[in-house]
Amino acid sequence: MTGVQDFSGGQSAILREIGVPVFWRLRSRAQQPETAPPPALATEAGLAQVAAPATALNPAPAPAVRTPAAPPEAAARPAPVPSAAPSALAAPAQAAQASAWDDGPAAPATPAAPALSAPAPSSAAPETDQRAQAIAQMDWLQLEQAVRTCRACPLGKGRTQAVFGVGDRQAQWLLVGEGPGRTEDALGEPFVGKSGKLLDNMLAALQLARGRNVYIANIVKCRPTDARGNDRAPTEFEAAACRPFLQRQISLLQPRVMLALGKTAAISLLQLDAQTPVSGLRARVHQFTLSGQGGSIPLVATYHPAYLLRSPTEKAKAWADLCLATQQMARPEPA
Ligand code: SF4
């Protein structure tokens, strides 16, 4: 592991201020590298069945994603290995994003109000073998078009637009959040607004940026809302309905490291009990296994940026998680 002296410029400033505050202080989005979301895509024939309403779907368990054609080899990019996690923070508290619905040990409980979109029972797996297999064969263009026209779960009715994902499609890093919030739904890009700026600063601390060796996606592609129109976490049903899309994104990307942002993302990716506290998930390396494929991808769970905005003293723990993930990236690629 490298030490303080290995960092230069802004990174030295980070470490002088115990690593986190300088880089994770909110900065203007204009200072960050921008990657525009992909343009609208031509309609692909035969995608209607992929976007079939949930009511028409077989409640059988989600089938394995077929092994896809080998993706293009990601260019080798040296990853910085940050020093050990800082022990304290000096960052001023940031106002929480009004629509943030992230979890964490200090986060308020998710309101129990019923969702506007009336999620279906979580026990039903909203897909058929045929649908999942069709998705598992798609290329990026087909996949994005299928997501944009999807109505496989109730979230498709209430969205402004689906939020497919953004970033480098040959990235070694994959960051996964829970789902689009109000701003993401309006703009069509994951992690925008204050939490998005914080995430950009977290990436900058690792000399990364969205669109440069990083891809960002969500568990669900459409915004979940409660009865009052506020953001909420996706249900298990919604996550299961959208899982083939995320699985195909992962299959196409073949990332070297995955970072789950928030409890909902971690639990869904690792298929764990919903009551698992995020504190029991972070600070260790999990293994994500893609259905139908051999091998596994190291996965580190950490706090959602929206939670870090509400609880800035937890940034040190998140920084430690990023260091852990970076150490995984620094390991030799499997033969
Ligand atoms: Fe389809 Fe996923 Fe949107 Fe549900 S959340 S409608 S499964 S794209």
Side-chain angles (χ1 to χ4, degrees), residues 1-2 14 19-20 23-24 74 77-87 89 102-105 107 165 167-168 171-179 190-191 195-196 198-210 212-219 239 246-247 249-251 253-273 276-290 295-308 311 314-334:
M1 181 175 294
T2 59
I14 292 181
V20 179
F23 268 82
W24 290 9
R77 301 174 180 86
V81 182
S83 66
S87 58
L89 293 166
D102 179 54
D103 50 58
D168 180 353
Q172 295 175 308
W173 286 84
L174 171 61
L175 278 56
V176 182
E178 290 96 330
F191 286 97
S195 64
L198 178 56
L199 180 63
D200 288 342
N201 294 340
M202 293 163 67
L203 293 173
L206 299 177
Q207 297 183 328
L208 296 169
R210 62 175 70 198
R212 193 175 68 226
N213 203 18
V214 173
Y215 193 85
I216 306 173
N218 280 315
I219 294 295
L246 180 60
Q247 287 197 326
Q249 286 177 306
I250 298 170
S251 179
L253 276 169
Q254 294 286 322
R256 288 192 60 198
V257 174
M258 294 171 63
L259 197 62
L261 300 171
K263 174 181 173 180
T264 304
I267 284 177
S268 180
L269 287 168
L270 296 171
Q271 299 283 282
L272 299 174
D273 184 272
T276 307
V278 70
S279 57
L281 297 172
R282 52 162 302 276
R284 59 194 177 102
V285 179
H286 306 267
Q287 295 295 323
F288 174 83
T289 303
L290 195 58
S296 60
I297 302 167
L299 184 151
V300 173
T302 192
Y303 297 117
H304 192 287
Y307 171 72
L308 295 175
S311 305
E314 302 283 36
K315 287 180 180 177
K317 294 178 182 175
W319 176 248
D321 296 331
L322 294 186
C323 291
L324 184 60
T326 304
Q327 290 165 13
Q328 297 303 306
M329 185 65 75
R331 297 174 69 167
E333 282 193 79

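Values below: every heavy atom of this structure, side chains too, minus hydrogens, waters and symmetry copies.
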Note to self: Testing the basics here: between His304 and Leu261, what is the closest heavy-atom pair and its distance to 0.1 Å?
What the structure shows: CD2-O, 3.5 Å
Item checked: Val176 versus Asn218, closest heavy-atom pair with distance -> CG1-C, 4.1 Å
Next item on the list: Might you point out which heavy atoms bring Ile219 and Ala265 nearest each other, and give the distance in Å?
Entry: CG1-CA, 3.8 Å
Note to self: Is there a side-chain contact between Leu174 and Gln249 in this structure, where contact means two heavy atoms from C-beta onward sitting under 4.5 Å apart?
What the structure shows: no
Next item on the list: Taking the side chain as every heavy atom from C-beta outward, state whether Leu269 and Leu246 have any atom pair closer than 4.5 Å.
Entry: yes
Margin query: Less than 4.5 Å apart, side chain to side chain, heavy atoms only: is that true for Leu175 and Val214?
Written below: yes
Note to self: Is the shortest side-chain heavy-atom distance between Val257 and Phe288 below 4.5 Å?
What the structure shows: no
Item checked: Check: Lys317 main-chain N/O paired with Arg282 side-chain donor or acceptor under 3.5 Å -> yes
Next item on the list: Return the minimal non-hydrogen interatomic distance between Leu253 and Asp168, and the atom names on each side.
Entry: CD2-O, 3.6 Å
Item checked: Check: Gln287 and Pro298 side chains under 4.5 Å, non-hydrogen atoms -> yes
Notebook entry, point to check: Any donor-acceptor pair under 3.5 Å linking the side chain of Gln207 with the backbone of Ala204?
Noted result: no
Note to self: Side chains of Leu203 and Trp173, heavy atoms from C-beta outward: is any pair under 4.5 Å?
What the structure shows: no
